[in-house]
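Working notes, structure below.
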There are 2 protein chains.
Amino acid sequence: MRSSTKHDDTEKKPRGRPRAYDPETALRQAAEAFWKTGYSGTSLDDISAATGMNRPSLRAAFGDKHEIYVKALNDYWELKFAALDRAFGSGGTLAETLTRVYDAALSIYFSGSDQVLGCFVVGTAITEAAGDTEIQSIVAEGFRRIDADFEARFKLARAVGDLKQGADPKALALLASATMHTLAIRARAGTSRSELKKLAHKVVSVICG
Amino acid sequence: MRSSTKHDDTEKKPRGRPRAYDPETALRQAAEAFWKTGYSGTSLDDISAATGMNRPSLRAAFGDKHEIYVKALNDYWELKFAALDRAFGSGGTLAETLTRVYDAALSIYFSGSDQVLGCFVVGTAITEAAGDTEIQSIVAEGFRRIDADFEARFKLARAVGDLKQGADPKALALLASATMHTLAIRARAGTSRSELKKLAHKVVSVICG
DNA sequence: CATGTTTTGTACTAGATCGCATAAAAAGCT
DNA sequence: AGCTTTTTATGCGATCTAGTACAAAACATG
């Protein structure tokens with residue numbers, strides 16, 4: 001938001017003691033901790049261990065536990081949207097695009113360094129969403145966006161003749177999103193990546209065939 | 001398991017002080033507590049408050065926190081399977097059956113007394129599944145069974161001519177399960193019941209039409 | 001009515017968890 | 001070098017959490 005995603009040499013050096021840790025990577029490490037054990041299952045000490053920062057530094061940098069989680073959640077959505085945008089935007093047939101989208105999702109779901117963690121949102125935020133309106137609305141907004149992306153792609157496919165005229169883009173978009181949800185769930189439930197790739201392939205065949 | 005689901009008058013009266021709470025309803029109350037706030041987010045004191053039992057009684061009746069949760073999880077699967085079996089077994093066309101199945105699922109997902117809680121498994125067990133092999137296998141086994149139920153129903157539909165010969169029952173079963181998953185997720189993310197009913201209707205139309 | 005049996009209710013211990021207060025460290029500025 | 005600023009690091013206190021020990025209560029049996 002405010003500072004150096006790309007280093008900006010016009011910035012003056014800050015006044016006091018320099019930070020020992022990069023905020024971006026620290027947030028990502030905190031997110032990984034939440035990703036493994038969920039919001040309630042992760043203590044600030046866990047996050048402290050994951051980032052190498054001590055608790056007062058964590059608080060100064062990101063706020064309390066809830067704020068850290070919300071930042072991690074927003075960060076995850078950005079990561080995911082970026083990956084999906086790339087998958088949606090690389091051209092090709094509808095089937096090719098859908099396959100790329102699901103591959104991109106699986107790459108994230110299987111990105112855990114030592115375990116399979118699935119989707120951060122489905123795997124951790126959904127649990128909190130029931131009792132936390134802020135998290136709930138962040139989650140819902142992300143889903144809306146993905147639904148819209150799918151729907152736009154199906155409309156395009158129908159216009160181009162890649163999909164038959166009678167097809168309902170909104171209905172297909174919901175099915176496409178549902179497929180992403182089931183991938184997220186099943187990844188965390190232990191289904192292997194190759195199995196999920198087959199699942200995605202079958203779905204693409206049904207939708208496009 | 002061992003005793004009175006239906007009261008069994010051949011049982012002798014137990015020897016000591018009678019239980020103040022019915023184990024079955026207590027377990028259901030404990031499950032509702034977990035359902036709201038997840039495994040880690042629910043303390044034994046919360047469960048104690050929900051059931052009216054104090055902690056030593058809880059432990060004597062159900063074991064430690066993890067055992068209580070596992071019992072609640074198995075109990076939920078039983079409840080859900082019973083509802084699905086009814087929905088699958090009531091005859092009618094494929095479209096009618098699927099609609100009944102999703103209605104049954106939504107009835108459970110919206111059964112919370114004061115909030116919408118979605119699916120117990122998707123909303124709470126999936127979070128734990130990543131780091132808990134016992135929970136993971138219980139979850140995975142339930143999914144397998146539902147997948148199989150759907151597949152059997154699609155095979156039947158194809159045999160009866162309710163579905164075109166080229167249809168792939170396994171692929172459709174995965175789509176049908178995915179739809180249930182997305183209902184579970186979206187319910188907890190705040191989507192209204194009527195909206196989800198429409199979603200299910202669209203999916204049924206795509207699958208059957 | 002005394003005894004044994006089982007459950008309930010209270011209370012204590014140990015450890016986890018979080019927030020915060022305070023000191024020490026590391027830099028820039030004059 | 002001394003002062004200011006910002007971060008890091010340590011540690012304390014209050015609360016939460018889980019497990020368990022122990023006494024009281026409630027019942028059946030003889």
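The sequence lines fix the lettering, A, B, ..., with proteins before strands; numbering per chain opens at 1.
Between the side chains of B:N54 and B:S48, no donor N or O sits under 3.5 Å from an acceptor N or O. Judged purely by distance below 3.5 Å, without hydrogens or angles, the side chains of A:Y69 and A:T124 pair a donor atom with an acceptor atom. Donor-acceptor pairing under 3.5 Å is lacking for the side chains of A:E128 and B:T37. A:R144 and B:T191 form no side-chain donor-acceptor contact under 3.5 Å, judged by distance and modelled atom types alone.
Between A:P56 and A:T42, the residue anchored nearer the 5' end of DNA chain C, judged by the nucleotide with its closest heavy atom, is A:T42. Between A:R15 and A:L44, the residue anchored closer to the 5' end of DNA chain C is A:L44, taking for each the nucleotide with the nearest heavy atom.
A straight line from OH of A:Y69 to P of C:dC18 spans 15 Å, rounded to a whole angstrom. Residue A:D64 contributes atom CG, which lies 16 Å from atom P of C:dT17 at whole-angstrom precision. To the nearest angstrom, C1' of C:dG28 lies 14 Å from CZ of A:R17. When rounded to the nearest whole Å, the span between NE2 of A:H66 and P of C:dC18 equals 13 Å. Between the CG atom of B:D45 and the P atom of C:dG9 there is a distance of 15 Å, given to the nearest Å. Whole-Å rounding puts the A:R19 CZ to D:dT7 P distance at 5 Å. Here the P atom of nucleotide C:dA16 and the CD1 atom of A:I47 are 17 Å apart, to the nearest Å. If you measure from atom CD1 of A:I68 to atom C1' of C:dG19, you get 12 Å, rounded to the nearest angstrom.
Side-chain nitrogen and oxygen atoms of A:S57 include none within less than 4.0 Å of the OP1 or OP2 phosphate oxygen of D:dT7. Here A:S43 does not reach the OP1 or OP2 of C:dA16: none of its side-chain N or O atoms lies under 4.0 Å away. Listed pair B:N54 / C:dT8 fails the phosphate criterion, with no side-chain N or O lying under 4.0 Å from OP1 or OP2.
Here C:dG19 is the nucleotide among D:dA21, D:dA26, C:dG19 with the atom lying nearest to any side-chain atom of A:R55. The side chain of A:P18 has C:dA27 as its nearest neighbour among C:dT6, D:dT5, C:dA27. Checked against D:dT20, D:dA9, C:dT8, the side chain of B:R59 finds its nearest nucleotide in D:dT20.
For A:W35 and A:Y76, the gap between ring centers is short of 6.0 Å.
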